[in-house]
Number of protein chains: 2
Amino acid sequence: MKQPSRRRYDPDRRNRIIEAALDVIEIHGIAGATHRRIADAADVPLGSMSYHFNGLEEVFVAAFSLLAETVSAKFVELLDAAKTKDEAREAVVELICGNVWATERNMRLSYELYAYSMRNEAIRAVFVDWMARSRRALERHFSSRTADALDTIIEGATIHNTAQPDTVTREVVRWMVLSLTREEYDIG
Amino acid sequence: MKQPSRRRYDPDRRNRIIEAALDVIEIHGIAGATHRRIADAADVPLGSMSYHFNGLEEVFVAAFSLLAETVSAKFVELLDAAKTKDEAREAVVELICGNVWATERNMRLSYELYAYSMRNEAIRAVFVDWMARSRRALERHFSSRTADALDTIIEGATIHNTAQPDTVTREVVRWMVLSLTREEYDIG
DNA sequence: AGACGATGTGTACATCCTTACATATCGTCT
DNA sequence: AGACGATATGTAAGGATGTACACATCGTCT
């Protein structure tokens, strides 16, 4: 070390690295997410990587955990805001068709998460927990069986619309939601 | 080259490499799919890789194309075998819950494909074409709107069941399919 | 003030990777 | 039989990667 540039005081650098990791994964995929690229994105030296994490896998686990946390929170928030069953229905439609939850970024990252969870037990647990929370939020408004169904179409429709935008239109989504919640219909 | 081991006569080696690539991707993901690993899996020397393909990307594109072809064919076959609307409904249930289509292998590979398609135009086209064929197969039995809906739940339910087997039970699936095809009910 | 542990930084190294290519071998056409 | 193009093979060059680690610097506690 010849010219040690002034060392930065940088608490929660660890968190910044984790967020940077998500940015890198979004663009390059897990396959292209390297120590160096993440370090650059977080604007920290390479050495910080080995200091804060025991290997790349630990970075990925932290990153995907953060993703699940963030996305799941938004999901629950939107559903909890609904006061009547009709509002809950509309919230589901909004989750699928709106630009709050099913963003391009979230979808890209979710796909990486899906794939990664097949090969990593910790991430699989994160994924399962995420789904459980979604399901619980839906169950505040709907029966257990209906919650399963709605969760299913949320997953499926967002994927379709990622590949081909507006294949599953808002109108079709609304119709699906109604069909699957009809028997529970109430005044609201 | 000191001791050139007897060169093999090996037509359609290219295809074997492509299939081996899928095996490797299934186990190691795109991130861990290297020339060497694929060559080993296909039982060919490393040099064969650069002879048959101009880089890894070309291998991946070929592999995912093969996957889409194979899986899509099975999908269409099962649906085309249905003669009545009730049989078609049951075919959809079988696609989701059976062990023919939504196998562990296919799911793992599909996730890699989803993720990869976000970063590769050729694969995105393959993916879109795959979805179009599925939709067409469904439209032989159901209205356009219902086809969208069924395609959606197929996607969503298989994902849920991959993460947590039997979360979406056969019974729930059957109920969903019925709910979404009720208005089209006929004697069968 | 001094010491000590936590945090930050640069660099080196072994490993693995992609890719290219010179050479060997085969099928087939004349 | 001979020639020629397609196919097959081993190896090496050059670059990227993961990880370790020695050293610098800071916060904080005594």
Side-chain angles (χ1 to χ4, degrees), chain A residues 1-64 112 116 119-120 122-123, chain B residues 1-64 112 116 119-120 122-123:
Chain A
M1 195 153 37
K2 313 195 160 175
Q3 186 73 9
S5 62
R6 195 62 118 260
R7 167 191 130 118
R8 257 186 300 172
Y9 173 57
D10 195 4
D12 98 353
R13 162 178 300 218
R14 200 185 131 95
N15 288 333
R16 209 146 38 73
I17 291 174
I18 294 170
E19 283 164 26
L22 285 180
D23 293 343
V24 173
I25 294 171
E26 182 196 349
I27 298 174
H28 299 282
I30 283 283
T34 67
H35 274 124
R36 278 163 234 265
R37 270 209 259 254
I38 296 171
D40 281 355
D43 191 31
V44 297
L46 180 59
S48 277
M49 291 293 139
S50 17
Y51 176 70
H52 287 285
F53 302 91
N54 292 329
L56 258 189
E57 178 159 324
E58 202 175 301
V59 179
F60 294 152
V61 170
F64 282 134
E112 297 291 341
Y116 199 71
R119 226 160 281 104
N120 182 294
I123 290 304
Chain B
M1 196 152 35
K2 315 196 160 172
Q3 187 72 9
S5 62
R6 197 59 121 259
R7 167 192 132 116
R8 258 186 300 172
Y9 174 58
D10 194 4
D12 96 355
R13 162 180 298 218
R14 201 186 131 96
N15 288 332
R16 209 147 38 73
I17 291 175
I18 293 170
E19 281 163 27
L22 284 179
D23 293 342
V24 173
I25 293 172
E26 182 195 350
I27 297 174
H28 298 282
I30 283 284
T34 67
H35 275 122
R36 274 165 235 266
R37 272 209 258 253
I38 296 171
D40 281 355
D43 190 32
V44 298
L46 181 58
S48 278
M49 291 293 139
S50 22
Y51 176 71
H52 288 285
F53 302 91
N54 292 328
L56 259 188
E57 178 159 325
E58 200 174 303
V59 179
F60 294 152
V61 170
F64 282 134
E112 296 290 341
Y116 199 72
R119 227 160 280 104
N120 182 294
I123 291 305

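By convention in this document, chain letters (A, B, ...) are assigned in the order of the sequence lines, proteins followed by strands, and residues within each chain are numbered from 1. Scope of the values below: all heavy atoms of this structure, side chains included, with no hydrogens, waters or symmetry mates.
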task: Using side chain to side chain contact (heavy atoms under 4.5 Å, CB included) as the criterion, list what pairs up with Asn120(A), not counting sequence neighbours.
output: Glu57(A), Val61(A), Tyr116(A), Ala122(A), Ile123(A)
Side-chain donor-acceptor pairs of residues 32-41 of chain A under 3.5 Å, sequence neighbours excluded:
unit_1: Thr34(A); atom_1: OG1; unit_2: Arg37(A); atom_2: N; d: 3.2
unit_1: Arg37(A); atom_1: NE; unit_2: Gly32(A); atom_2: O; d: 2.8
unit_1: Arg37(A); atom_1: NH2; unit_2: Gly32(A); atom_2: O; d: 3.2

To the nearest Å, give me how far apart [atom1] ([X]) and [atom2] ([N]) are.
| X | N | atom1 | atom2 | value |
| --- | --- | --- | --- | --- |
| Asn54(A) | dC21(D) | CG | C1' | 14 Å |
| Asp12(B) | dA8(D) | CG | C1' | 15 Å |
| Asp10(A) | dT25(D) | CG | P | 17 Å |
| Glu58(A) | dG18(D) | CD | C1' | 14 Å |
| Met49(A) | dT19(D) | CE | C1' | 13 Å |
| Phe60(A) | dG18(D) | CZ | C1' | 11 Å |
| Glu57(A) | dT19(D) | CD | C1' | 15 Å |
| Arg13(B) | dA8(D) | CZ | C1' | 6 Å |

message: Minimum heavy-atom separation for Ser48(A) and Arg13(A), please, with both atom names.
response: OG-NH1, 2.5 Å
Minimum-distance pair of heavy atoms, taken over all atoms of Leu22(A) and Ala63(A):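 Smallest heavy-atom distance, with atoms named: CD2-O, 3.6 Å.
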- request: Looking only at side-chain atoms of Ser50(A), point me to the closest of dG10(D), dA20(D), dA8(D).
  value: dA20(D)
- request: Sort out the partner of dT30(C) for me: Watson-Crick or G-U wobble, both distances under 3.5 Å, none otherwise.
  value: dA1(D)
- prompt: For dT17(D), what is the paired nucleotide under Watson-Crick or G-U wobble rules, both distances under 3.5 Å?
  reply: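 The base-pairing partner of dT17(D), which may sit in any strand shown, is dA14(C).
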message: I need the residues from residues 16-44 of chain A with at least one non-hydrogen atom less than 4.0 Å from DNA chain D; give them sorted by number, or say none.
response: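 Thr34(A), His35(A), Arg36(A), in order of number.
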query: If you look only at pairs with a residue in residues 22-33 of chain B, which of them pass as a salt bridge (charged side-chain N to carboxylate O under 4.0 Å, His left out), with sequence neighbours excluded?
result: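 Every pair satisfying salt bridge (charged side-chain N to carboxylate O under 4.0 Å, His left out) with a residue in residues 22-33 of chain B: Asp23(B)-Arg105(B), Glu26(B)-Arg105(B).
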message: Run the side-chain hydrogen bond (donor to acceptor under 3.5 Å, both in side chains) test against Asp43(A) and tell me which residues pass, sequence neighbours left out.
response: none
- prompt: With respect to the phosphate group of dT7(D), does any side-chain polar atom (N or O) of Tyr51(B) fall under 4.0 Å of OP1 or OP2?
  reply: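 Indeed, a polar side-chain atom of Tyr51(B) lies that close.
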task: Name all residues meeting the salt bridge (Lys or Arg N to Asp or Glu O under 4.0 Å) criterion together with Glu19(B); count only those two or more places apart in sequence or in a different chain, and write none if there are none.
output: none
Of Arg14(B) and Leu46(B), the one whose closest DNA chain D nucleotide lies more 5':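 It is Arg14(B) whose nearest nucleotide is closer to the 5' end.
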